[in-house]
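Right, one structure below, let's go through it.
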Amino acid sequence: MAMTHDAQPAPKALLLEAVERALDGNWQAAHRIVQDHDEDEVAAWIHAAVHRMEGDIGNARYWYRRCGRELRESVSPDAELREIKAALLG
């Protein structure tokens with residue numbers, strides 16, 4: 001299920017905070033941030049990467065489907081989080 005286009009986007013600053021916390025190894029804090037914005041595509045992408053960090057691949061795949069992406073096993077979660085950060089910073 002892809003995100004709806006009428007959903008309110010999550011604040012960019014919160015998403016960047018989630019990425020930074022995940023990159024610092026605190027996937028739990030990142031998860032707490034993004035789970036409050038589950039209709040936002042970027043939040044769902046971060047959510048997927050965080051579940052990969054946790055080792056919960058099944059849940060990660062769910063969140064990849066939610067944001068219209070696929071799990072790329074050749075890309076580490078840290079590299080993916082840096083990719084998300086670059087996308088947020090535009």
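The structure displayed is predicted, hence computed values, not measured ones.
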Spacing of OG belonging to Ser76 relative to CZ belonging to Arg82, to within rounding of 0.5 Å: 5.5 Å
Reported CZ-to-CG distance for the pair Arg52 and Asp78, which is rounded to 0.5 angstrom: 10.0 Å
Non-hydrogen atoms of Ala22 and Val50 that approach each other most closely: CB-CG2, 4.3 Å
Same cluster (ILVMFWY, side-chain, under 4.5 Å), Val34 and Ile84: yes
Gap separating the CG atom of Asp40 from the NE2 atom of His47, nearest 0.5 angstrom: 12.5 Å
Worked check of salt bridge (charged side-chain N to carboxylate O under 4.0 Å, His left out) between Glu73 and Arg61: CA-CA 11 Å; Glu73 293 187 24; Arg61 288 185 193 281; 3.5 Å; yes
In one Ile/Leu/Val/Met/Phe/Trp/Tyr side-chain cluster, 4.5 Å: Ile57, Met53: yes
Residues Gln28 and His31: side-chain donor-acceptor under 3.5 angstrom: no
Spacing of Leu71 atom CG and Trp63 atom CH2 [to the nearest 0.5 Å]: 15.0 Å
Rounded distance [0.5 Å steps], CG in Asp38 versus SG in Cys67: 12.5 Å
Separation of Lys85 NZ from Glu20 CD (nearest 0.5 Å): 3.5 Å
Cation over ring face, Arg21 and Trp27, 6.0 Å, 45°: no
Ala60 versus Ala48, closest heavy-atom pair with distance: CB-O, 3.4 Å
Cationic N near anionic O, under 4.0 Å, Glu83 to Arg72: yes
Taking every non-hydrogen atom, the tightest pair across Asn59 and His51: ND2-CE1, 3.3 Å
His37 to Ala43 - nearest heavy-atom pair and separation: O-CB, 3.2 Å
Note, Glu70 side chain near Tyr64 side chain (heavy atom, < 4.5 Å): no
Min side-chain heavy-atom separation Leu16-Leu89 under 4.5 Å: yes
Beyond-backbone contact of Leu15 with Val19, side-chain heavy atoms, under 4.5 angstrom: no
NZ/NE/NH1/NH2 to OD/OE distance under 4.0 Å, Glu39 and Arg66: yes
